[in-house]
Structure formats: C-alpha cells, structure tokens
Protein chains: 2
Amino acid sequence: MDVIVRKPLARRSHAERTAQAETKLVDAAVALIIERGIGGMTLKDVGELAGYSRAMAGWRYGSKASLCAYVVRAVGDEWIQALQQAVQDKVGLAAIHAATDAHYRFVRTDAARIRAFYLLWFDSIGPDLELKQVIVNIHARRQRDVEAWIKSGIAHGLIRADADVSGVAAQFCATIIGVVYQWLVTPTARHAIKALHEGLKQQMTRALIPLANAVSAPRLR
Amino acid sequence: MDVIVRKPLARRSHAERTAQAETKLVDAAVALIIERGIGGMTLKDVGELAGYSRAMAGWRYGSKASLCAYVVRAVGDEWIQALQQAVQDKVGLAAIHAATDAHYRFVRTDAARIRAFYLLWFDSIGPDLELKQVIVNIHARRQRDVEAWIKSGIAHGLIRADADVSGVAAQFCATIIGVVYQWLVTPTARHAIKALHEGLKQQMTRALIPLANAVSAPRLR
DNA sequence: TTCGAATTTTCTTGTTGCGAACAAGTAAAT
DNA sequence: ATTTACTTGTTCGCAACAAGAAAATTCGAA
C-alpha cells in the first residue's frame, strides 16, 4: 500500500545532473517566455516548472538576464546547424533562396524554441548588455553568411559583378527581422508570412541577378 | 530675509494642471525609457523626474502598461502629422520615396520621442494587449497609406498596373521595421542606416516601376 | 457681483504582494 | 572528506492599490 514505485533516479553523475537540469530549465524558460512574454517569465516559475525549487534557475544562471542570454545562445546554435543543413553547398541566389525557405519552414512549424529565440532577439534593444552582445554576434554571423553566398554567386558568374555585397546582405538581414516581427505579432497569418518570405526572395533576385536577365525576373505570387 | 520669491504657480485651472502634468510625465517617461529601457523605467522615477510624488504616474495612467500605450499613442499621432507633411499630395513612387526620406530624417535627428516610440513598438510583441492593439492600429494605418500611394501611382500610370498592391505594401512596412531595429541596436552607424533607407527606396522602385524602365533602375550608392 | 462653504478633481503618503538577488544551509556525488 | 548540486531564508525595490491632503470648482446666499 505504502510502497511507491520510483523512477530510477538512481545515481546520476554530476555531469548528468547538470545536463538534465540545463535542458529542463531551458525548456521551462522557453515555455514560460512563450506563454507570458519575457517580462512575465519569472525565475521562480522557471525553477518550479522544471521540477526544482524556486531559486534553482537563479542559482544556476546567476540572473534572469544571463538565463535569457543562455537560451539565445543555445537555440541560436541549433539554428545555425539547421541553416547550414538547408543551404549545404549551394551558392549565390540558390543559397539565399534556400536559406529563406528554411527560415519560413522553421517559422511555419512554429517551434517553440524559435519563437522564444526571436522574442529574446527583439528584447536585445533593451539595456541588457549581455543579451545584446550575443545577438550582435549572431547577427554578424548571419550577415557574413549572406555576404559569402553573394560572393560565391559572383565568383560563379551567377550574380552581377557590380553588386553591393555588404549592402545587399544588410538589406536581407534587416528585412528578415522585419518579417520575423510580423510573424511574432500575427503568428496565425501564415499566408502573409509566406508571401513576405517570397517577396524577400524576389527582392534579392532583383538586386543580384545579372542585368541581362533582369526584366525576366518572376513576378510575385 | 524670510521672503521667498516663488514662481507664479498662481492659480492653474484643472485643465492646465492636467495638461502640464501630462506633458511632464510623458517627457519623463521618454527620457527614462531611452536611458534605461522599458524594463528599467519605473513609475516611481517617472513621477519624481516629472516633479511629482512617486505614485503620480501610477495614479494618472493606472499602470505601467497604460502609460506605455499612452506614450505610443501620443508620439504616434505626432508622427502621422509629420509624415503627411512630408508626403503632401505626392503619388506613386514619389510618395514612397518621400516617406522613406522623411523616416530617415526623423531617425537621423534621433529625436528622443521617436526612439522611445520604436522601443515601445518592439515591446508590443509581449503579452501586453493594450500596447499591442495600439501598435496594430498604427501599423494598419501605415500599410493603408502605402497601399494608397501605390494605387495612386497605378492610376497615374507611374506604376505597373499588375503590381501586388497589398503585398508590396506589406514588404515595405516589414522592411521599415527591420531597418528601425538596426537603428535601435546600432544608433551610431548613420551611414548604414542611410544605406538601408536608400536600399528600401530602390527595392520599391524595382518592384513597382513599369517593366519598360526596369533595366534603367539606378544602382545602389 | 462677491464671499464662502460643499463638492469634485488632483495629487500624496501608507501598505501589500511579488520577484530578483544573494546568503547560508542541506543533500548528493566524488 | 571534500567538492558540487540544490534548497530554504532574507532583503530590497517596484507595481498596484487605498485612504487621505490639497487645490480647484460649483453654488447658494447677500
């Protein structure tokens, strides 16, 4: 009667404990950020939702800001992986289009982590220097990738040689952020989000395609 | 000796008191939002910076969220005025370019109110329904304006008749937000912000100009 | 019209509850 | 035993509200 069957909590190594706590806490943080926003996510609730005490999250990460920065780093790394997987060894516009399509797919599946990631991204305009630095790094990485795709396209003769590489890359990154903002505000308007991604692809095509082909650029929709 | 010269606090009417309090409180809120971010802006400091007691801001607006919504409404109205002034009765691409240039000028002067306005704008991705509603309204208004400019351009034969009006307008609005995000994160990089605005103008030109003229679209920079 | 309560509106001081951050302790692994 | 993982206890600051003080307005007389 009083015998309670326990899961094999057995004997976990320190490394295991740490790793398990990490994932549980991050998952809890992501869930709470999505549910209540960043301001509504409290360290107390993160700890308790993860199955620990109220102070666990605060103890582990030192501060709410550090937890946020950690989440962005963690999800950002996954993201880089997925993007590389999608682009593979494509070059030029093909790479840009593949990256844009991949972005839309991620957003479309509305994976909780992506949503929390971008919510934190937009929070980086605040005075939190730690988070801002993480975002700046990811942003710089993204822009470098786009520049590399454009340069490779030029090298292969697929992109007009006189293209403003860093300018167009900056334009791409800025627009992606604008599109993401739209998605965060109206996550249900899938068609509109899809159209914005398609528009971005077309915008890049118009900006980068060799002049001889310019007039034959496909129309939107 | 004991005679103290007082400023003419005299007798202010209720309307005057209210109006003066309103401007002082909004100015204080804007200053604090810029200095410490939205999370760092406290109702206590807003009230005291405005020359009142710690509870003044809270009493006046009911809550921090309501104060934020009020600030966005107030600055948003000024903004609409200024934009109409800049566009006047222009049509088509001329209107879009004028609006974009005006946007850059506002951002370039870095008026404190504009900065606070957009900081609050990006905060609208949070769960604050009141602020979100205000932003959604401003956004809808902006998109309608752009659509009207495009339509007027089509009517005057200055824009290709088969343009996807709402699609291109959405693209414009999304990109503006992306550009603004860049500005908020790196407000010092004026050249880059200028380039993004120019890129946006060019992007709109490419998307809307009649096909016969497409190849002669000016290059960036 | 003018004076002066009574009333309404504006603003302040008092209080509560909650969260972040940290301190000091307990439990678990090495 | 010693280090590492985690919990309970405490402090401080802020948002939100309550109840009171001060300023303006209304209104009924003379």
Side-chain angles (χ1 to χ4, degrees), chain A residues 6-26 28-29 32-33 35-71 120 123 126-131, chain B residues 6-26 28-29 32-33 35-71 120 123 126-131:
Chain A
R6 295 202 166 279
K7 292 193 69 175
L9 293 176
R11 187 182 167 86
R12 298 175 300 165
S13 73
H14 272 166
E16 283 170 338
R17 286 175 80 106
T18 303
Q20 289 174 7
E22 203 104 292
T23 54
K24 283 182 186 172
L25 288 170
V26 169
L32 288 169
I33 285 172
E35 188 182 333
R36 307 177 197 169
I38 299 173
M41 180 263 290
T42 72
L43 290 176
K44 171 175 166 284
D45 288 347
V46 169
E48 290 176 348
L49 182 60
Y52 296 91
S53 74
R54 79 192 145 71
M56 177 64 169
W59 174 79
R60 204 63 137 109
Y61 297 99
S63 70
K64 183 172 173 174
S66 292
L67 168 59
C68 289
Y70 183 87
V71 170
L120 288 164
D123 219 51
D128 178 350
L129 293 179
E130 186 179 359
L131 179 58
Chain B
R6 294 205 166 278
K7 291 196 69 174
L9 292 177
R11 188 181 165 86
R12 297 176 301 166
S13 73
H14 272 166
E16 283 171 336
R17 286 176 81 103
T18 303
Q20 287 175 8
E22 203 106 290
T23 54
K24 283 182 186 171
L25 287 171
V26 169
L32 288 169
I33 285 171
E35 188 181 334
R36 308 178 196 170
I38 300 174
M41 180 263 290
T42 72
L43 291 176
K44 170 174 167 284
D45 288 347
V46 169
E48 290 176 349
L49 182 60
Y52 296 91
S53 73
R54 72 191 152 74
M56 177 64 169
W59 173 79
R60 205 64 136 100
Y61 297 98
S63 71
K64 184 171 173 176
S66 292
L67 169 58
C68 289
Y70 183 87
V71 171
L120 288 164
D123 219 50
D128 179 349
L129 293 179
E130 188 180 358
L131 178 58

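Labels below follow one simple rule: chain letters A, B, ... track the order of the sequence lines, proteins then strands, and each chain is numbered from 1. Computed over heavy atoms, backbone and side chain alike; hydrogens, waters and symmetry mates excluded. As the structure is a prediction and not an experimental result, all values here were calculated from the model.
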**Prompt:** Do the side chain of B:Arg54 and the base of D:dG13 come within less than 3.5 angstrom through a donor-acceptor pair of N or O atoms?
**Reply:** no
**Prompt:** Taking all atoms of both residues into account, what is the closest heavy-atom pair of A:Arg36 and B:Pro127, and its distance?
**Reply:** O-CG, 3.0 Å
**Asked** From the list D:dC6, C:dT9, D:dA16, which nucleotide is the closest neighbour of the side chain of B:His14?
**Response** C:dT9
**Message:** Between C1' on D:dT8 and CE on A:Met56, what's the gap in Å once rounded to a whole number?
**Reply:** 15 Å
**Item:** Residue met sooner reading DNA chain D from 5', once B:Ser63 and B:Ser13 are mapped to nucleotides
**Value:** B:Ser63
**Item:** Closest contact, heavy atoms only, A:Leu67 versus A:Leu43
**Value:** CD2-CD2, 3.8 Å
**Prompt:** Just checking B:Arg60: base, sugar-phosphate only, or nothing, at a heavy-atom cut-off of under 4.0 Å?
**Reply:** sugar-phosphate
**Prompt:** B:Arg17 side chain N/O closer than 4.0 Å to the phosphate oxygens (OP1, OP2) of C:dT9?
**Reply:** no
**Request:** Between C:dT13, C:dC11, D:dT8, spot the one nearest the side chain of B:Trp59, thanks.
**Result:** C:dC11
**Prompt:** Between A:Lys24 and A:Tyr52, is a side-chain contact (heavy atoms from CB on, under 4.5 Å) present by the stated rule, with each step listed?
**Reply:** CA-CA 9 Å; A:Lys24 283 182 186 172; A:Tyr52 296 91; 4.0 Å; yes
**A:Leu43 CG to D:dC6 P, straight-line distance once rounded to whole Å** = 16 Å
**Prompt:** B:Ala55 side chain: which of C:dT13, C:dA20, D:dC6 is closest?
**Reply:** C:dT13
**Prompt:** Between A:Lys64 and A:Ala57, is there a donor-acceptor pair closer than 3.5 Å when you use the side chain of the first and the backbone of the second?
**Reply:** no
**Rounded interatomic separation in angstrom, taking CG from A:Asp45 and C1' from C:dC18** = 11 Å
**Prompt:** With a 4.0 Å cut-off on heavy atoms, is B:Thr42 in touch with a base, just the backbone sugar-phosphate, or nothing at all?
**Reply:** sugar-phosphate
**Length of the CD-P vector between A:Glu16 and D:dC6, whole Å** = 12 Å
